[in-house]
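Every heavy atom of this structure was used, including side-chain atoms; hydrogens, water molecules and symmetry mates were not. Bear in mind the structure is a predicted one, so any value in this text is a computation, not a measurement.
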Amino acid sequence: MLKSTSVALALMTGLLAGSASAQPAQPAQPSEAEVTAATRTFGMISSALRSETVPGGLKNALFACIYEKPLSEISARLTAEREKANIPVDDVNRQVALLGLLCGFTPPAGADGAPSQSPPQ
């Protein structure tokens, strides 16, 4: 009985050591700027979801976006598009509108029947 326990223990130790080495590498830690941008993005999304003035369709698009995509990806896209469009960091309303477009929200049609904005490519 002692021999079989030793063999079983040796096998378990080998299996655990093998599974530990098969673990994927940890992703790189985000930079301070990435953490700051992601924090700001999450805050804007959170505020928009709680706001009574944000349309339900926009809220749905934002919620689906954070449900389906990593915050790091959403934040990086927002930062890149915000910089391309020259939207100041403190212009929250325009950033939330841009977030909606990035998340697939289609604004209501304007008076001429065309969407008031088109999503960035």
Side-chain angles (χ1 to χ4, degrees):
M1 183 76 171
L2 187 58
K3 256 186 183 177
S4 63
T5 304
S6 298
V7 171
L9 184 59
L11 285 173
M12 287 176 47
T13 304
L15 288 174
L16 290 175
S19 66
S21 64
Q23 294 291 328
Q26 292 292 328
Q29 293 294 317
S31 69
E32 188 174 330
E34 290 169 325
V35 170
T36 300
T39 301
R40 187 173 43 250
T41 300
F42 184 75
M44 283 188 287
I45 292 171
S46 177
S47 293
L49 292 174
R50 287 188 311 244
S51 174
E52 292 182 17
T53 61
V54 173
L58 177 54
K59 287 180 181 183
N60 289 341
L62 293 174
F63 186 81
C65 204
I66 61 171
Y67 187 77
E68 295 172 354
K69 297 177 183 142
L71 182 59
S72 60
E73 180 184 320
I74 297 167
S75 180
R77 285 194 63 208
L78 175 63
T79 298
E81 293 297 329
R82 179 185 54 76
E83 289 173 355
K84 274 199 255 180
N86 293 319
I87 297 173
V89 175
D90 61 346
D91 191 341
V92 176
N93 290 334
R94 288 179 60 198
Q95 286 189 80
V96 169
L98 180 57
L99 261 171
L101 293 173
L102 293 173
C103 291
F105 175 68
T106 304
D112 59 1
S116 56
Q117 294 179 331
S118 59
Q121 298 299 324

Problem - Heavy-atom donor-acceptor pair, Ser75 side chain to Ala38 backbone, under 3.5 Å - result: yes
Practice task
Flag the pair Met44 / Leu78 as yes when at least one side-chain heavy-atom distance between them is below 4.5 Å, and no otherwise.
Solution key: yes
Completion exercise
Students should find that the hydrophobic cluster of Val89, defined by side-chain heavy atoms under 4.5 Å apart, otherwise consists of none
Handout entry: Distance-minimising heavy-atom pair for Ile87 and Leu98
Key = CD1-CD2, 3.9 Å
Practice task
Taking all non-hydrogen atoms of both residues into account, name the closest pair between Phe105 and Ala61 and its distance.
Solution key: CB-CB, 3.7 Å
Exercise for the section: Please write out which residues are connected to Phe42 in a hydrophobic cluster, directly or through intermediates, given that two of Ile, Leu, Val, Met, Phe, Trp, Tyr count as joined at side-chain heavy-atom separations below 4.5 angstrom. Expected result: Leu71
Practice task
Drop me the distance from Thr41's OG1 to Ile66's CD1, to the nearest 0.5 angstrom.
Solution key: 11.5 Å
Handout entry: Side chain to side chain, Leu99 and Leu58, heavy atoms closer than 4.5 Å
Key = no
Fill in the blank from the handout: One should read off an interatomic distance between Leu102 CG and Lys69 NZ, to the nearest 0.5 angstrom, of 8.0 Å
Practice task
Quick one: which residue pairs count as a disulfide (SG to SG under 2.5 Å) with a foot in residues 69-103, not counting sequence neighbours?
Solution key: Cys65-Cys103
Practice task
List in chain and number order the residues that pass side-chain hydrogen bond (donor to acceptor under 3.5 Å, both in side chains) with Thr36, two or more places apart in sequence or in another chain; answer none if no residue qualifies.
Solution key: none
Exercise for the section: Return the set of residues passing side-chain hydrogen bond (donor to acceptor under 3.5 Å, both in side chains) with Ser51 (not counting sequence neighbours), or none when no residue passes. Expected result: Thr53
Problem - Pairs where residues 86-101 contributes a residue and the test side-chain hydrogen bond (donor to acceptor under 3.5 Å, both in side chains) is met, not counting sequence neighbours - result: none
Handout entry: Pairs satisfying side-chain hydrogen bond (donor to acceptor under 3.5 Å, both in side chains), at least one member in residues 55-68, at least two apart
Key = none
Exercise for the section: Check side chain to side chain contact (heavy atoms under 4.5 Å, CB included) between Pro30 and all other residues, then give those that pass, not counting sequence neighbours. Expected result: Glu34, Val35
Handout entry: Contact summary for Ala48 and Val96, nearest pair of heavy atoms
Key = CB-CG1, 4.0 Å
Exercise for the section: Taking side-chain hydrogen bond (donor to acceptor under 3.5 Å, both in side chains) as the test, write out the residues that go with Thr79, two or more places apart. Expected result: none
